[in-house]
S.K.: 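To start, I am sharing the structure in question, which I have written as structure tokens.
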Amino acid sequence: MGFEIMEDIRKDYVYDLIESGKRVDGRGFREYREISVERDVITRAEGSALVKIGETVILVGVKLEPGEPFADAPNEGVIMTNAELVPMASPDFEPGPPDENSVELARVVDRGIRGSKTIELEKLCIEGGEKVWMVFIDIHVLDNDGNLVDAAALGAIASLLNAHMPTEKYGLSGDDTLPIRDTPVAVTTVEIGGNILADPNLYEETAATSKLTVISNADGTLSGMQKSGSGGLKEEEIAEMVEIGIEKAGEIRRKYLVT
Amino acid sequence: MMKEEIQLIKEGKRLDGRGFEELRPIKIEVGVLKRADGSCYFELGNNKVIAAVYGPREMHPRHFQDAKMAVIKYRYNMAPFSVDDRKRPGPDRRSVEISKVSREALDPVILKEYYPKTAIDVYVEVLQSDAGTRTAGINAASVALAAAGIPMKDLVSSVAVGKIDGEVVLDLNAVEDNYGEGDMPVAMVARTNTITMLQMDGRFSQEEFERGLKLAASACRTIYELQRTALLERYSESMGEGEA
């Protein structure tokens with residue numbers, strides 16, 4: 001119970017600072033923490049990336065294997081996205097089946113990739129109606145200092161971009177690069193006391209009542225969005241969040257995804 | 001064989017004859033369940049959902065109690081027979097996520113501080129589905145909460161907009177959802193234009209998104225009036241009975 005008091009004090013601290021135009025770590029309202037993306041860190045995986053945003057650390061691994069297609073798309077590959085909030089990443093995470101937060105994290109990342117048709121699924125058919133490539137995107141959260149969605153989404157697209165198809169392993173022929181046609185980037189902002197902050201850290205995330213993730217593509221179109229948290233947002237606030245989303249996504253894409 | 005293409009707009013009309021900015025018919029009934037503290041049956045076209053509210057009541061397990069306010073629990077559930085291919089009973093990842101965002105859609109209007117340490121349970125059952133079930137569920141739940149006498153700042157109204165054949169349209173049905181290019185469910189406090197749920201998948205330009213949000217806002221105002229009327233009708237009726 002004592003933690004609740006600490007949380008309240010922390011919330012007040014975050015609020016008060018923002019009122020005077022400052023953030024807990026001294027950043028500008030639209031400024032991201034330092035980002036790093038390290039690719040191919042897990043050689044057992046077909047694609048992988050270790051992403052850090054400030055002190056948030058996420059490892060994403062992509063595995064591919066042949067499997068059965070869905071009945072309504074017999075000639076398309078299948079994407080499966082999963083997220084694990086590993087207990088070592090936070091005192092608030094517990095082992096066990098995925099809770100709503102990990103389900104949401106996985107589904108939002110999945111939505112961005114699916115909505116933008118990033119993976120050319122029609123090229124992942126091995127034998128129509130029988131065998132297609134299954135693309136498993138597994139998000140492993142290692143350290144939670146807030147804004148897991150942006151880190152996970154960046155890890156996912158970075159892993160996909162350098163993933164290869166394990167054709168030889170399964171005795172198949174064909175191209176061994178995974179066909180990718182877009183680069184969706186997630187940008188999350190929170191609203192605190194009428195101010196919009198990009199890339200919230202854990203303190204800011206707990207202090208905010210509303211959070212919006214905006215996923216946008218190379219051409220500036222939107223391919224996914226998710227509001228979470230138990231607050232409301234005004235239309236103008238959402239417009240600002242979308243604008244920041246598209247702008248920041250462009251910067252992140254140029255810096256970390258263009259090879 | 002690719003997923004077959006279907007022309008969803010013919011001569012300026014949608015396949016079910018609606019215009020671009022037209023809602024499906026809505027039917028609201030308040031107080032349809034005997035045992036629940038508040039309940040609501042909501043139809044949106046072929047969607048049929050029931051919402052029930054229990055509480056405020058004691059929170060179990062107790063360590064999930066909040067010393068300062070009530071905890072809202074929301075369960076969105078689809079009946080196995082509500083969809084074409086039988087849905088396996090029990091929660092799946094989709095319903096876990098929908099339950100979360102729906103709870104957060106209603107959370108901002110509920111005066112939770114009035115009932116510390118309690119739970120308010122909101123149960124939404126989808127009996128028949130035709131795309132838009134989460135929005136129908138939120139509309140029903142909002143009315144059921146009011147019917148249960150839970151103190152609220154306002155009602156929440158919800159609708160989805162989508163993109164079919166390149167056009168931004170209101171309230172997709174299942175065919176439009178399956179063959180369309182995008183879907184965007186929105187919930188809001190219609191009177192103050194406060195958005196409490198916003199999701200999107202598919203592909204929208206920034207301009208299409210902004211237009212869609214405006215379209216959703218105006219439809220939410222229509223739905224709000226229907227919710228309000230349904231509540232008023234139900235309770236002016238029972239007040240009349242009391243006097244007689």
Side-chain angles (χ1 to χ4, degrees), chain A residues 1 4 8 71-76 81-82 97-108 110-112 114-117 122 128-129 182 184 209-217 219-239 241-243 245-246, chain B residues 1-4 63 65-69 72 74 85 91-101 103-110 112 153-154 156 178 181-189 192-210 212-214 216-217:
Chain A
M1 286 295 126
E4 285 180 10
D8 283 351
D72 60 353
N75 299 309
E76 287 184 12
T81 311
N82 187 60
D99 68 351
E100 58 177 31
N101 295 314
S102 61
V103 170
E104 185 180 40
L105 175 61
R107 287 180 63 88
V108 173
D110 187 273
R111 204 170 292 155
R114 221 175 273 276
S116 59
K117 300 192 162 63
E122 57 286 355
D182 211 331
T209 51
S210 298
K211 182 164 97 170
L212 185 72
T213 299
V214 174
I215 307 178
S216 57
N217 310 308
D219 64 359
T221 55
L222 305 163
S223 65
M225 224 182 258
Q226 179 95 335
K227 182 237 155 202
S228 64
S230 50
L233 290 168
K234 295 285 175 199
E235 220 179 299
E236 314 82 72
E237 290 170 335
I238 290 179
M241 290 165 138
V242 170
E243 187 206 307
I246 296 174
Chain B
M1 188 183 77
M2 284 278 291
K3 202 167 160 180
E4 56 184 317
H63 67 271
Q65 284 183 355
D66 188 325
K68 286 182 295 189
M69 58 185 93
I72 314 292
Y74 192 108
D85 298 323
D92 53 13
R93 291 159 62 94
R94 175 177 170 276
S95 62
V96 168
E97 189 202 351
I98 292 179
S99 297
K100 178 182 187 286
V101 294
R103 186 188 72 227
E104 291 171 344
L106 294 165
D107 212 298
V109 298
I110 301 172
K112 298 178 288 181
K153 293 181 209 161
D154 212 325
V156 174
N178 284 341
E181 296 113 77
D183 184 28
M184 185 173 113
V186 178
M188 56 197 301
V189 182
T192 59
N193 248 343
T194 307
I195 291 119
T196 62
M197 176 182 79
L198 176 59
Q199 293 183 286
M200 176 205 284
D201 61 60
R203 208 169 181 129
F204 289 82
S205 71
Q206 198 177 345
E207 185 272 328
E208 285 165 343
F209 163 71
E210 280 162 12
L213 195 58
K214 288 216 160 38

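Residue numbering restarts at 1 for every chain, and letters A, B, ... go by the order of the sequence lines.
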S.K.: Count the heavy-atom pairs under 4.5 Å between each of B:Ala217, B:Ala105, B:Gly202 and chain A, then report the option with the highest count.
M.R.: B:Gly202
S.K.: Non-hydrogen atoms of chain A under 4.5 Å away: do they reach the side chain of B:Thr192, the backbone, both or neither?
M.R.: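 Contact with chain A involves both backbone and side-chain atoms of B:Thr192.
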S.K.: So which part of B:Arg103 gets closer than 4.5 Å to some heavy atom of chain A, the side chain, the backbone, both or neither?
M.R.: side chain
S.K.: Show the numbers, then the answer: is there a salt bridge (Lys or Arg N to Asp or Glu O under 4.0 Å) between B:Glu104 and B:Lys100?
M.R.: CA-CA 6 Å; B:Glu104 291 171 344; B:Lys100 178 182 187 286; 2.9 Å; yes
S.K.: Contact part of B:Leu198 toward chain A, heavy-atom cut-off under 4.5 Å: side chain, backbone, both or neither?
M.R.: both
S.K.: With chain A, which of B:Lys68, B:Glu210, B:Arg203 has the greatest number of heavy-atom pairs at distances under 4.5 Å?
M.R.: B:Arg203
S.K.: Got a donor-acceptor contact below 3.5 angstrom from the A:Asp99 side chain to the A:Asn101 backbone?
M.R.: yes
S.K.: Does A:Glu235 have any salt bridge (Lys or Arg N to Asp or Glu O under 4.0 Å) partners at least two apart in sequence or in another chain, and if so, which?
M.R.: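 Partners of A:Glu235 by the salt bridge (Lys or Arg N to Asp or Glu O under 4.0 Å) criterion, ordered by chain and then number, come out as B:Lys214.
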S.K.: Can you tell which part of A:Asp110 gets under 4.5 Å to a heavy atom of chain B, answering side chain, backbone, both or neither?
M.R.: neither
S.K.: Using a cut-off of under 4.5 Å for heavy-atom pairs, which of A:Gly129, A:Ala239, A:Gly245, A:Ser230 has the most such pairs with chain B?
M.R.: A:Ser230
S.K.: Go through the atoms of A:Ile215 and report whether side chain, backbone, both or neither lie under 4.5 Å from a heavy atom of chain B.
M.R.: neither
S.K.: Take a 6.0 Å sphere around NZ of A:Lys234 and say whether it holds more than 12 heavy atoms from other residues, nucleotides or ligands.
M.R.: yes
S.K.: Over all heavy atoms of both residues, which pair between A:Met225 and A:Arg111 is shortest? Give the atoms and the distance, please.
M.R.: O-NH1, 3.9 Å
S.K.: Can you name the nearest heavy-atom pair linking B:Val96 to B:Pro91, along with the distance?
M.R.: CG2-CB, 4.3 Å
S.K.: Within the supplied structure, the quantity of interest is the number of heavy atoms (other residues, nucleotides, ligands) at a distance under 6.0 Å from A:Asp219 CG; does it exceed 12?
M.R.: yes
S.K.: For chain A, which candidate among B:Ile110, B:Leu106, B:Asp201 shows the most heavy-atom pairs at distances under 4.5 Å?
M.R.: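 Going by pairs under 4.5 Å, I would pick B:Asp201.
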